[in-house]
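Have a look at the structure below, then the notes.
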Amino acid sequence: MSEEKSLNFLEEIIENDLAEGKNNGRVHTRFPPEPNGYLHIGHATSICLNFGLAKKYNGKCNLRFDDTNPVTEETEYVESIKEDIKWLGFQWDNEFYASDYFDKLFAFAVTLIKKGLAYVDDSTAEEIAATKGSTVTPGIESPYRNRSIEENLRLFEEMRAGKYKDGEKTLRARIDMTHPNLLMRDPLMYRIKNEHHHRTGDKWCIYPMYDFAHGQSDSIEEITHSICTLEFIHHRPLYNWFIEQLGIFPSHQYEFARRNLTYTVMSKRKLLQLVNENHVSGWNDPRMPTISGMRRRGYPAEALRQFSDTIGIAKRENIVDIGLLEFCVREHLNKTSNRVMVVLDPVKLVITNYPEAQEDIFEAENNPEDPNGGTRKVPFSRELWIEREDFMENPPKKFFRLGPGNLVRLKSAYIVKCEGCKKDEQGNVTEVHCSYIPESKSGHDTSGLNVKGTIHWVSVPHAKTAEVRMYDRLFKVEDPSNEEGNFKDYINPDSMHVLPAVYIEPELAKAIAGERVQFMRKGYFCVDTESTPDKLIFNRTVTLKDAWAKEQKKG
RNA sequence: AGUUCGAUGGUGUAACGGUAGCAUCACAGACUCUGACUCUGUUUGUCUAGGUUCGAAUCCUAGUCGAACUACCA
């Protein structure tokens, strides 16, 4: 019996609408990005919401690019957005562009002019701002507000025909300059931009403002539930006003609070800065909170969807702990990724009683969480690489790894007993010496020994190498946008640490780009897109939880 | 200051007048050929003050705190 999961507030609205027979039981949502940047994890939430709701209620979801500003928009962004949505596991029912509606929007504008509800204004941007008023003072009506319908019609046609320069004239809605909602004080509908548009080319030199395009675009597509973030709540009365005056399909807008994440920034403006100023390698840098960055980092789409589902949706301010995202990533990766042995910070282990010419080939389980995960062959010899941190000459009480006299299991191989180490003049350990117990062979252990610690290793003569990029949080503080000064002052200088040549078990050399594995006891890693068979590159997706590190911190 | 929205453990989210629940985090323990995973247990919360009611996180009033709005951006 499955637990009845409680509905979020949008699902409640939809179920009420359905119960009342609104829109003939139709549910139609849309995801409306502006193609001026790459999608980030916040968009992922919105995508999961819009596509998820459509799916849940047997409805449809459009992808619509809100491309009303030719200056900032590019085809590159359109392509990346489509790729990200598909990768997340969603397919849109229709692909539309606000620019598809430029003719209709122009006609809407003409309709409003004819109703005396829009006028051409010759005021400059500064004049319009100055007469806007404020939250406590009313605005002042433009001297051009009462032009005749005929004159407005003529001037608007002239605007379209290219008779005027950028900024010389605008088309404004004629609403109420004393309205408490600043957006209702004769908002701009059209502005002149003699710019080439990524889709309409040079057909237009006037472009509708977002506010004059968005609501009507939803209406044209007969979107039943227009879901957006909270900051558009003040725009809703304006969208409704346009829809009512035009007498077109009444889409209804609902707002939710955007999700913020700790240790990162989410605004496109800030992300663009990180890219342009080379704080990161690009929009898909694995440290970026973009969908493409997370994909490259190795975050599975399932984890992003799970995360979106877990954090839910509401209308209150929030900042979600990035640990929650990392939990979702680990949870999925734990079930799906193969285990391999990689030594990141090596020191040599010599098994003094193991013959020099000898080697063993062990059969190691790929994934203990997956019964069908299969096995792989791992070669073993007298000399192995192990992690430097897995040996201590004077270990503390709860240290379960190698120290003089200690017994430790070499994963998938033998139990060894530590006999000491070799050091250089500076006192650095150069070799750890052990003896192995032949009866303790993995899978055929008759030694009767029970050891507390297990460590990973790579056979020295068989080892291959790879570059590993150890990623950490991009920022040092939880909420960089809310700190004193510039958010860039809080960039974590150690957000990427490159290990040029770590030792990997030979089987791993076959890994291909995008492949995700668990480096045993170290974390989840993913083969980077820049990786080649000659030069393997791994990105650290996320660490494993580390109870020992925590124990040490306690001191 | 005005308008609008909001306030439940550290974080996120439920409870729709009737036992404050879930996830994560933290802590303790069990298990372990990954100090992972898994399992068990524990701590921590209704912004404040009044009111209505047998009963209030929920309804009412007042206050407090937070956010958004004053781009020819979206």
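Here is how names work: the chains are called A, B, and so on, in the same order as the sequence lines, proteins then strands, and each is numbered from 1.
For the atom pair NZ of A:Lys193 and SG of A:Cys205, the computed distance is 12.5 Å after rounding to the nearest 0.5 Å. Remark: A:Asn194 CG to A:Ile206 CD1 distance equals 10.5 Å, nearest 0.5 Å.
Between A:Thr68 and B:rA74 there is a side-chain N or O to OP1 or OP2 distance below 4.0 Å. For A:Arg521, no side-chain nitrogen or oxygen approaches OP1 or OP2 of B:rU32 to under 4.0 Å. Proximity of A:Lys550 to the phosphate of B:rA26: a side-chain N or O atom is located under 4.0 Å from OP1 or OP2. For A:Arg316, a side-chain nitrogen or oxygen approaches OP1 or OP2 of B:rA7 to under 4.0 Å. Phosphate contact (OP1/OP2 of B:rC73, side-chain N/O of A:Arg269, threshold under 4.0 Å): absent. Close to B:rU34, at under 4.0 Å from its OP1 or OP2, lies no side-chain N or O of A:Lys545.
Nucleic acid contact for A:Phe400: base, since at least one base atom lies under 4.0 Å from a heavy atom of the residue. When heavy atoms are screened at a 4.0 angstrom cut-off, A:Ala125 is found touching base atoms of the nucleic acid. Across all strands shown, A:Lys522 has no heavy atoms under 4.0 Å from either base or sugar-phosphate atoms. Within 4.0 Å (heavy atoms only), A:Lys398 reaches at least one base atom of the nucleic acid. The residue A:Arg185 sits apart from the nucleic acid: no heavy atom pair falls under 4.0 Å.
Nearest nucleotide to the A:Thr170 side chain, out of B:rC33, B:rU32, B:rC72: B:rC72. With B:rC72, B:rU11, B:rU34 as the choices, the nucleotide that has an atom nearest any side-chain atom of A:Leu544 turns out to be B:rU34. Side-chain proximity of A:His234 to the nucleotides B:rU24, B:rA26, B:rU3 is greatest for B:rU3. Out of B:rA74, B:rG2, B:rC72, the shortest distance to the side chain of A:Ile128 is found at B:rC72. Residue A:Asn8 places its side chain closer to B:rA14 than to any other of B:rU34, B:rA14, B:rG12. Of the candidates B:rG35, B:rU4, B:rG12, B:rU4 carries the atom nearest the A:Ile233 side chain, counting heavy atoms from C-beta on. Closest contact between the side chain of A:Asn334 and the listed nucleotides B:rU70, B:rA74, B:rC37 involves B:rC37. The listed nucleotides are B:rU34, B:rC73, B:rC69; the one nearest the side chain of A:Thr135 is B:rC69.
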For a ring-ring contact (aromatic ring centres under 6.0 Å, His included) check, start with the C-alpha distance between A:Tyr239 and A:Phe232, then their side-chain angles and the critical distance, and finish with the verdict. CA-CA 10 Å; A:Tyr239 300 162; A:Phe232 291 103; 7.4 Å; no

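In this structure, A:Asn181 places its CG atom 11 Å from P of B:rC5, rounding to the nearest Å.
For the P atoms, the distance linking B:rA20 with B:rU43 amounts to 15 Å, nearest Å. Spacing between B:rG51 and B:rU42 at atom C1', rounded to whole Å, works out to 38 Å. When the C1' atom is used for both B:rC59 and B:rU46, the distance is 15 Å, rounded to whole Å. A distance of about 12 Å separates the P atoms of B:rG45 and B:rG21, rounded to the whole Å. Using C1' as the reference atom, B:rC73 and B:rA14 are 37 Å apart when rounded to the nearest Å. Comparing B:rG66 with B:rC47, their P atoms sit 16 Å apart, to the nearest whole Å. On the P atoms, B:rU58 is 10 Å away from B:rU48, given to the nearest whole Å.
Ring pair A:Trp457/A:Phe380: centre-to-centre distance below 6.0 Å. Note: A:Phe538 and A:Phe525 fail the aromatic proximity criterion, with ring centroids not under 6.0 Å apart.
With hydrogens and angles ignored, a donor-acceptor pair closer than 3.5 Å exists between the side chain of A:Ser442 and the base of B:rC33.
A search for side-chain hydrogen bond (donor to acceptor under 3.5 Å, both in side chains) contacts involving A:Glu363 returns A:Thr375, A:Lys377, not counting sequence neighbours. A:His456 meets the ring-ring contact (aromatic ring centres under 6.0 Å, His included) test with no other residue; sequence neighbours excluded. Remark: A:Asn406 engages no residue in a side-chain hydrogen bond (donor to acceptor under 3.5 Å, both in side chains) (not counting sequence neighbours).
For the contact set between residues 363-380 of chain A and RNA chain B, defined by any heavy atom under 4.0 Å, the members are A:Pro368, A:Glu369.
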For RNA chain B, what is the dot-bracket line, given that a base pair needs Watson-Crick (N1 to N3, plus N6-O4 or O6-N4) or G-U wobble (N1-O2 and O6-N3) geometry with both distances under 3.5 Å, and | means paired with another strand? .((((((..((((....[..)))).(((((.......)))))....(((((..]....))))))))))).....

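If you check the side chains of A:Gln306 and A:Thr310, you find a donor sitting under 3.5 Å from an acceptor.
Residue-to-nucleotide proximity on RNA chain B shows that, of A:Ser412 and A:Met209, the 5′-proximal contact is made by A:Ser412. Along RNA chain B, the nucleotide nearest A:Thr454 and the nucleotide nearest A:Glu231 are compared for position; the residue whose nucleotide lies closer to the 5' end is A:Thr454.
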Just list the side-chain donor-acceptor pairs under 3.5 Å for residues 323-333 of chain A, sequence neighbours left out, or say none.
from     : atom 1 : to       : atom 2 : distance (Å)
A:Glu326 : OE1    : A:Arg473 : NH2    : 3.3
A:Arg330 : NE     : A:Thr543 : O      : 2.7
A:Arg330 : NH2    : A:Thr543 : O      : 3.3

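Checked against A:Phe106 for a ring pair (Phe, Tyr, Trp, His ring centres under 6.0 Å), the options A:Tyr207, A:Phe156, A:Phe212 give a single hit: A:Phe156.
Counting heavy-atom neighbours within 6.0 Å of A:Asn16 CG, excluding the residue itself, gives a total above 12.
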